[in-house]
Amino acid sequence: MVKYVKIKYELIKKDGNARLGKLITNHGTYDTPIFMPVGTLANVKMLTKEELVDAKCAVILSNTYHLWLRPGADTIKKAGGLHKFMNYDGPILTDSGGFQVFSLAKNKAKDITEEGVHFKSHIDGKSLFLTPELSMEIQNKLDSDIAMSFDECIPYPATYDYVKQSTERTLRWAKRGKDAFDNENQSLFGIVQGGEYEDLRKYSAVETVKMGFDGYSIGGTSVGEGKETMYKMVDYAIKYLPEDKPRYLMGVGEPFDLLEGVQRGIDMFDCVLPTRLARHANAFTYKGKINLKNSKFKDDFTSIDEKCDCYTCKNYTKAYIRHLFVAKEGLGGRLLSIHNIRFLVKMMEEIRQAIKEDRFLEYKNEFLSNYEDKAKL
RNA sequence: GCGGAAUUGGUGAAGUGGUUAACACGGCGGAUUGUGGUUCCGUUAUGCAUCGGUUCGAUCCCGAUAUUCCGCC
């Protein structure tokens, strides 16, 4: 078997702007576009790696910030890297801690400096300082397949001036991170920022691409900006990204958004939504999202979705899963996590097949016409 | 039988002589997009055991009745 040190991307074919491709990693080759579940603390909440493999997950995410705090990068390095530590031999992508700039740095003007970002640990309140160099050092030790540049995920709304100075700083951080990066088995992705502003998105994309990363992501999306704005953010940036590298839309995972993203040429998505919704008793279905706690499912002895092939749908009924949630039994969250992840992974399989057959838009329209709750799209 | 205490929503219970009866649980909904979170938000008693009385006004004061609990016969 060929050892691919850096990730390779091969574009197989296009249907409109939708891309069917191949992502070749040190831990297997996968067709794109793909959906990647999030496993912040070196596990996808509630699931074993066997369940991830069964759901046909490709890449999963982990988080630099969280693993830095606990158990610590050195422990994971001693374990032989993240794959050995968590016993997952598929590809792993680590987020840089950039999203925690968004969620944990309370006073942005004071906490975010040119040098790096001041946080308060969510575990013990201790003051922490994360820099592009440190983020790279941690990710290098974690030995994930894909490391992400350290950026600021800009809140929405933000003024043009704020977005401009933040986007420029993220570019400087990207350069610093790239220079400090030191792991020949690991790939590094750049992140495009620029908020909702067309010229800043273009500037960020062009300048990030000039630095030469193994892949590019569009960040600063799904932070409360509304769908139309989010799609514009993608439109503004994606045309400046090279065709021969993977494009990753960060934090996006509603079924409709996956369709809109693929249509614009996105290859990779990640989102906490399937697992978070699952823990809160919500399930994706081809007819829309349902809340398994609703009393109407009390005596519903059918599976969540008749078209789903997941372990949960093959073995359990809505009435049983509802009972688990009402009784506060953790198995309910597990079963729905399996279902929701498989739902999105399967949806991407269908999307790839549709692109292959030049009928992506037909697929999209059919998906939308089956969706009963149009307002929730 | 005598004496004492209690009686507030589905549950556990706060509370006041004067517009919307606290809170918790439960119930019913909703939210959730690079995961601090099995979380957050909304809603849920036109009524305070029953019947009278006092009062401008009573869930709150008084009386009777009912039920429950605790003592003593």
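The chains referred to below are lettered A, B, ... by the order of the sequence lines, with proteins before strands, and numbering in each begins at 1.
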Side-chain N or O of [X] versus OP1/OP2 of [N]: is the shortest distance under 4.0 Å?
X       : N       : result
K328(A) : rC25(B) : no
S103(A) : rG36(B) : yes
N291(A) : rC28(B) : no
S295(A) : rG29(B) : yes
Q100(A) : rG34(B) : no
N294(A) : rG29(B) : yes

Q. With a 3.5 Å cut-off and just heavy-atom distances, do the side chain of D151(A) and the base of rG34(B) make a donor-acceptor pair?
A.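 For D151(A), whose side chain was compared with the base of rG34(B), there is a donor-acceptor pair (under 3.5 Å).
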(Q) Quick test of the criterion, 5.5 Å between centres and less than 30° between planes. Is H280(A) stacked on rU39(B) or not? (A)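 Yes; centroid distance and tilt both under limits.
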Inter-nucleotide [atom1] distance ([N], [M]), Å rounded:
N       : M       : atom1 : answer
rA58(B) : rU8(B)  : C1'   : 14 Å
rG29(B) : rC48(B) : C1'   : 28 Å
rU44(B) : rU20(B) : P     : 14 Å

Of the nucleotides [options], which one has an atom closest to the side chain of [X]?
X       : options                   : result
N63(A)  : rU35(B), rC28(B), rG34(B) : rU35(B)
V38(A)  : rU35(B), rG36(B), rG30(B) : rU35(B)
R279(A) : rG26(B), rU35(B), rG34(B) : rU35(B)
L273(A) : rG34(B), rU35(B), rU32(B) : rU32(B)

Touch class at under 4.0 angstrom, heavy-atom based, for [X] against every strand present:
X       : value
L277(A) : base
L61(A)  : sugar-phosphate
Q193(A) : base

Q: Can you spot which of C310(A), P274(A), S303(A) makes a side chain to side chain contact (heavy atoms under 4.5 Å, CB included) with H339(A)?
A: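 With H339(A) as partner, C310(A), P274(A), S303(A) yield a single side chain to side chain contact (heavy atoms under 4.5 Å, CB included), made by C310(A).
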Q. Less than 6.0 Å separating the ring centroids of F119(A) and Y65(A)?
A.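 They qualify: ring centres under 6.0 Å apart.
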Q. How about F99(A) and F102(A): are their ring centroids closer than 6.0 Å?
A.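 When the ring centroids of F99(A) and F102(A) are compared, they turn out to be within the sub-6.0 Å range.
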